[in-house]
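Here is the structure we will look at, set down as structure tokens.
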Amino acid sequence: MSPGRKVLVLEEGDGAVDVTRLVQALQALGAVVRRQRLDAPGAPLLDALADGWLPVVMGAARPTPAAPPS
């Protein structure tokens with residue numbers, strides 16, 4: 001990743017996964033990271049996209065399916 005790359009982490013509302021480790025990893029690689037909820041007003045999101053931020057959408061946490069019996 002090129003230093004200074006702007007990454008916009010978009011988080012779903014309730015039940016969203018914890019993106020702290022993702023944000024830290026991106027920052028360690030030199031990215032500038034901004035977080036925003038998907039249910040926030042849309043104008044800041046549109047402004048960020050127009051300004052060249054790379055969107056990364058993080059969905060809600062879902063339970064891991066159980067492994068089939070062996």
Side-chain angles (χ1 to χ4, degrees):
M1 173 171 300
S2 58
R5 177 71 176 177
K6 299 184 290 187
V7 180
L8 177 62
V9 178
L10 298 166
E11 304 171 63
E12 283 191 7
D14 297 331
V17 297
D18 182 12
V19 297
T20 303
R21 291 172 62 187
L22 171 65
V23 169
Q24 291 170 344
L26 290 169
Q27 290 171 333
L29 292 171
V32 177
V33 181
R34 184 169 132 191
R35 293 170 69 173
Q36 181 175 330
R37 287 177 52 117
L38 281 173
D39 57 359
L45 169 61
L46 295 176
D47 290 342
L49 295 174
D51 195 32
W53 287 77
L54 173 68
V56 176
V57 179
M58 299 302 297
R62 291 178 175 69
T64 304
S70 35

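We're numbering straight along the sequence, starting at 1.
Across all their heavy atoms, Pro41 and Gln36 have their closest contact at O-NE2, 3.7 Å. Closest approach of Arg34 to Pro44, counting heavy atoms only: NH2-O, 3.3 Å.
The same ILVMFWY cluster, assembled from side-chain heavy atoms under 4.5 Å apart, contains both Val32 and Leu45. No continuous path of hydrophobic side-chain contacts links Val56 to Leu10 [ILVMFWY only; heavy atoms under 4.5 Å]. Tracing side-chain contacts under 4.5 Å through hydrophobic residues (I, L, V, M, F, W, Y), one never reaches Leu26 starting from Val57; they form parts of separate clusters. Hydrophobic clustering, with ILVMFWY side chains joined whenever heavy atoms are under 4.5 angstrom apart, groups Val7 together with Val23.
Between Arg35 and Thr20 the shortest side-chain heavy-atom distance falls below 4.5 Å. Looking at heavy atoms from C-beta onward, Leu22 lies out of side-chain contact with Val33 at the 4.5 angstrom threshold.
With rounding to the nearest 0.5 angstrom, the CZ atom of Arg37 is 8.0 Å from the CD atom of Glu11. Atom CG of Leu54 is separated from atom CG of Leu49 by 9.5 Å, given to the nearest 0.5 angstrom.
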